[in-house]
Amino acid sequence: MNVVSLVPSVTETLLAWGIEPTACTRFCEQPSRTHVGGTKDPDIDQIVSLRPDLVVVDEEENRREDYEALLGAGLAVHALAVRDLSDVNPAMEGLARRVGGHWDPLPEHQPRPTATRAFVPIWRRPWMALGAPTYGTSLLTTLGIENVFAEDPYPTVTLDEALARHPGVVLAPSEPYPFSRRQLSELESVAPTVFVDGKDLFWWGARTADALERLEGALVGGP
């Protein structure tokens with residue numbers, strides 16, 4: 001099937017199913033494949049020229065105007081909406097039906113009692129945080145981690161505001177901002193800091209089951 005994926009999580013999942021996407025975005029970490037721009041600026045004309053059987057988008061990763069442009073060009077578009085761990089099974093089952101893949105459902109996960117509270121920065125200058133409702137926060141909730149910023153999905157914050165919410169840990173992901181030990185002194189002014197793979201927090205689908213285990217391991221290991 002000739003599939004174009006505009007969602008990094010979907011590209012990874014298709015490959016796990018043995019389905020080779022015709023093209024993907026430059027953020028999908030597939031340098032050997034045809035790229036059709038980014039998640040927020042896809043090359044619509046190039047996608048149309050590939051004559052795909054299906055283009056896969058996500059309501060958070062991609063822009064509505066690009067979705068509408070693809071439909072307007074007469075292409076079949078499959079739109080996903082994953083904002084919570086509970087969204088993954090139905091979203092992946094629906095995608096599998098469209099592309100001929102096979103999805104092994106995730107077991108039902110009941111949120112654990114809260115063990116600690118976390119500040120999760122996702123950008124710097126300005127500082128932004130992971131909030132809710134988001135897939136990443138739902139993973140943390142499942143692991144017993146309460147997000148200190150839960151009023152908006154991706155709020156702009158200050159480190160003083162984060163400190164005032166008394167997190168027990170800072171979870172510093174490797175994307176979208178590539179946090180590293182270079183920012184450790186700033187981050188530890190808020191709380192002890194644990195660095196985690198950003199894809200485990202933000203990429204859903206084939207990665208989800210193992211991501212939960214890796215995140216739990218990182219949290220148990222501590223800073």
Can any side-chain N or O of Asp53 pair as donor or acceptor with the backbone N or O of Val3 at less than 3.5 Å?
no

Measure across Thr39 and Leu6 and return the closest heavy-atom pair with its distance rounded to 0.1 Å.
CG2-O, 3.6 Å

Please report the interatomic distance CD(Glu12) to NZ(Lys199), rounded to the nearest 0.5 Å.
8.0 Å

What's the separation between atom OG1 in Thr11 and atom CD1 in Ile19, rounded to the nearest 0.5 Å?
11.5 Å

Would you mind reporting whether Gln183 and Tyr177 have side-chain heavy atoms less than 4.5 Å apart?
yes

Is a donor on one side and an acceptor on the other found under 3.5 Å between the side chain of Thr208 and the backbone of Trp204?
no

For residues Leu215 and Ile145, determine if any side-chain heavy atom of one lies less than 4.5 Å from a side-chain heavy atom of the other.
no

Give a yes or no on whether Leu106 and Trp17 share a hydrophobic cluster (residues Ile, Leu, Val, Met, Phe, Trp, Tyr; joining criterion: side-chain heavy atoms under 4.5 Å apart).
yes

Under 3.5 Å, is there a donor-acceptor pair between the Asp160 and Thr158 side chains?
no

Nearest heavy-atom approach of Ala172 to Phe179 is CB-CB, 3.9 Å

same_hphob_cluster(Ile44, Val7) at 4.5 Å side-chain heavy-atom cutoff
no

Are any side-chain N or O atoms of His109 and backbone N or O atoms of Pro107, one a donor and one an acceptor, separated by less than 3.5 Å?
yes

So, taking the atom named CH2 in Trp127 and the one named CD1 in Ile122, what distance separates them when rounded to the nearest 0.5 Å?
11.5 Å

Assigning hydrophobic clusters by single linkage (Ile, Leu, Val, Met, Phe, Trp, Tyr; side-chain heavy-atom cutoff under 4.5 Å), is Leu187 placed with Val169?
yes

Verify same cluster id: Trp123, Phe27 (apolar side-chain graph, 4.5 Å):
no

Using 0.5 Å steps for rounding, measure from the CG atom of Leu139 to the OG1 atom of Thr134.
8.5 Å

Checking the side chain of Asp43 only, and the main-chain atoms of Gly37 only, is there a donor and an acceptor separated by less than 3.5 Å?
no

With a 4.5 Å cut-off on side-chain heavy atoms, are Met1 and Arg98 touching?
no

Mark yes or no for whether Asn62, through its side chain, and Tyr67, through its backbone, hold a donor-acceptor pair below 3.5 Å.
no

Spacing of Glu61 atom CD and Trp203 atom CH2 [to the nearest 0.5 Å]:
9.0 Å

Between Asn147 (side chain) and Leu140 (backbone), is there a donor-acceptor pair under 3.5 Å?
no

Minimum heavy-atom separation for Thr156 and Pro126, please, with both atom names.
CG2-CB, 4.0 Å

Check for a donor-acceptor pair, side chain of Thr137 on one end and backbone N or O of Pro133 on the other, with a separation under 3.5 Å.
no

Under 4.5 Å between any side-chain heavy atoms of Met92 and Leu80, yes or no?
yes

Should Val88 and Trp103 count as side-chain neighbours, where that means a heavy-atom distance under 4.5 Å?
yes

Is there a side-chain contact between Arg214 and Arg207 in this structure, where contact means two heavy atoms from C-beta onward sitting under 4.5 Å apart?
yes

So, the side chain of Ser138 versus the backbone of Leu85: is there a donor-acceptor pair under 3.5 Å, distance only?
yes

Lys40 backbone acceptor or donor facing Arg63 side chain under 3.5 Å:
yes

Determine whether Val77 and Val82 fall in the same hydrophobic cluster, where Ile, Leu, Val, Met, Phe, Trp and Tyr are linked whenever their side-chain heavy atoms lie under 4.5 Å apart.
no

Let's go through Arg165 and Phe119 carefully: what are the C-alpha distance in whole Å and the side-chain angles of both, what is the deciding distance for side chain to side chain contact (heavy atoms under 4.5 Å, CB included) to 0.1 Å, and is it a yes or a no?
CA-CA 9 Å; Arg165 298 195 177 207; Phe119 165 50; over 6 Å; no

Look up atom CG in Leu54 and atom CG in Leu95, then write down how far apart they are to the nearest 0.5 Å.
7.5 Å

Closest non-hydrogen contact found for Ser189 with Leu159 is OG-CD1, 4.1 Å

For the OH atom on Tyr154, are there more than 12 heavy atoms of other groups (residues, nucleotides or ligands in this structure) within a distance under 6.0 Å?
yes

Using the rule given for side chain to side chain contact (heavy atoms under 4.5 Å, CB included), can you reason through Val57 versus Asp66, listing the C-alpha separation, both sets of side-chain angles and the distance that settles it, and then say yes or no?
CA-CA 9 Å; Val57 301; Asp66 295 321; over 6 Å; no

State, with a plain yes or no, whether a side-chain heavy atom of Pro105 is found less than 4.5 Å away from one of Glu93.
yes

Applying side chain to side chain contact (heavy atoms under 4.5 Å, CB included) to Val170 and Glu186, what does each step give before you reach the verdict?
CA-CA 11 Å; Val170 174; Glu186 287 181 290; over 6 Å; no

Find out whether Leu15 and Gln30 are in side-chain contact, i.e. whether some heavy atom of one side chain is under 4.5 Å from a heavy atom of the other.
yes

Looking only at heavy atoms, the pair that brings Ala16 and Ala206 closest together is CB-CB, 3.7 Å

Main-chain N/O of Asp197 paired with Ser174 side-chain donor or acceptor, under 3.5 Å:
no

Smallest heavy-atom separation, His102 atom then Ala96 atom, equals N-CB, 4.3 Å

Glu65, CD: over 12 other non-hydrogen atoms inside 6.0 angstrom:
yes

